[in-house]
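Following: one structure in structure tokens, then a few remarks.
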Amino acid sequence: MSILIQKASSTTDLAKCRRAIQALRPKLTDEQYDDAILKTLADNRTMVFVEENEEAAAVAVFEVGYNLFRGKYLYIDDLSTLPEYRGQGYAGHLVDWILAYARQEGIDEVHLDSGVNDARTDAHRLYLNKRFKVTSLHFAVSIR
């Protein structure tokens with residue numbers, strides 16, 4: 001089975017990705033979506049997706065950067081599959097595409113963070129199967 005990975009490059013593409021993004025980010029309302037996505041993509045990020053039935057069945061958002069610790073890196077901010085398309089390999093194809101892109105671009109490392117709860121077990125299995133390793137704990141503090 002051949003899966004077509006597309007870069008979201010138009011407002012139509014961004015609209016196709018709405019439900020898949022909201023499946024991962026449920027606090028992101030329809031009213032907030034357009035502005036939030038435009039700000040996100042303006043900050044050196046790329047959105048890629050797999051389309052089924054005229055919408056994104058799965059979507060990923062990533063950024064490329066450089067820092068002293070990692071060198072040139074790619075960070076996956078969001079990776080989400082609509083519930084009705086889970087278990088069909090779409091997220092795995094997106095990860096494979098991103099890893100190939102990273103190799104092509106001379107990127108040293110690919111990173112992501114993933115929440116720790118029972119709902120994320122399948123996602124963690126995917127990351128481990130794709131040879132990601134648990135390398136650190138992520139700490140955060142809320143300012144507001």
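All of these numbers come straight from a predicted model, not from anything done at the bench.
Taking CG of Asp118 as the start and NE2 of His124 as the end, the distance is 10.5 Å to the nearest 0.5 Å. The structure places CD of Glu109 at 11.0 Å from CG of Leu74, a figure rounded to the nearest 0.5 Å.
A donor-acceptor pair under 3.5 Å is absent between the side-chain atoms of Arg70 and the main chain of Asp108, judged by distance alone. Distance alone, capped at 3.5 Å, is enough to place a donor-acceptor pair between the Arg18 side chain and the Asp30 backbone. Side-chain atoms of Lys72 come within 3.5 Å of backbone N or O of Glu105 as a donor-acceptor pair.
Tyr73 belongs to a hydrophobic cluster whose other members, connected by ILVMFWY side-chain contacts under 4.5 Å either directly or through intermediates, are Tyr75. Apart from Met47 itself, the hydrophobic cluster it occupies contains Leu14, Ile21, Leu28, Tyr33, Ile37, Leu38, Leu41, Phe49, Val59, Val61, where clustering links Ile, Leu, Val, Met, Phe, Trp and Tyr at side-chain heavy-atom distances under 4.5 Å.
The list of side-chain hydrogen bond (donor to acceptor under 3.5 Å, both in side chains) pairs with a residue in residues 134-144, not counting sequence neighbours, reads Asp113-His138. Note on residues 40-49: pairs passing salt bridge (Lys or Arg N to Asp or Glu O under 4.0 Å), not counting sequence neighbours, are Asp43-Arg45, Arg45-Glu63, Arg45-Asp77.
Under the 4.5 Å side-chain contact rule for hydrophobic residues, Leu24 and Tyr85 do not share a cluster.
Leu79 has its side chain within reach of Tyr127: a pair of non-hydrogen atoms, C-beta onward, lies under 4.5 Å apart. Here the side chains of Arg25 and Asp78 are in contact, with some heavy-atom distance below 4.5 Å. Leu99 places none of its side-chain heavy atoms less than 4.5 Å from the side chain of Arg131.
Here the closest non-hydrogen pair linking Ser80 and Ala23 is OG-CB, 3.8 Å. Considering every non-hydrogen atom in both Leu126 and Gly92, the closest pair reads CD1-CA, 3.7 Å. Across all their heavy atoms, Thr81 and Ala91 have their closest contact at OG1-CB, 3.7 Å.
With sequence neighbours excluded, the residues forming a side chain to side chain donor-acceptor pair (under 3.5 Å) with Asp35 are Lys39, listed by chain and number. Residues satisfying the ring-ring contact (aromatic ring centres under 6.0 Å, His included) test with Tyr101, not counting sequence neighbours, are Phe62, Trp97.
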For the pair Glu84 and Glu52, evaluate side chain to side chain contact (heavy atoms under 4.5 Å, CB included) and give the outcome as yes or no after the intermediate values. CA-CA 11 Å; Glu84 61 267 32; Glu52 286 289 340; over 6 Å; no

Show, in sequence, the C-alpha distance, side-chain angles and deciding distance for Lys130 and Asp96, and conclude whether the salt bridge (charged side-chain N to carboxylate O under 4.0 Å, His left out) test is met. CA-CA 8 Å; Lys130 296 295 180 181; Asp96 290 342; 2.7 Å; yes

Would Val50 and Ile5 satisfy side chain to side chain contact (heavy atoms under 4.5 Å, CB included), going step by step from the backbone distance to the final call? CA-CA 5 Å; Val50 175; Ile5 309 295; 3.5 Å; yes

So Asp13 and Glu51, side chain to side chain contact (heavy atoms under 4.5 Å, CB included) or not? Walk me through it. CA-CA 9 Å; Asp13 291 342; Glu51 185 174 342; 5.7 Å; no

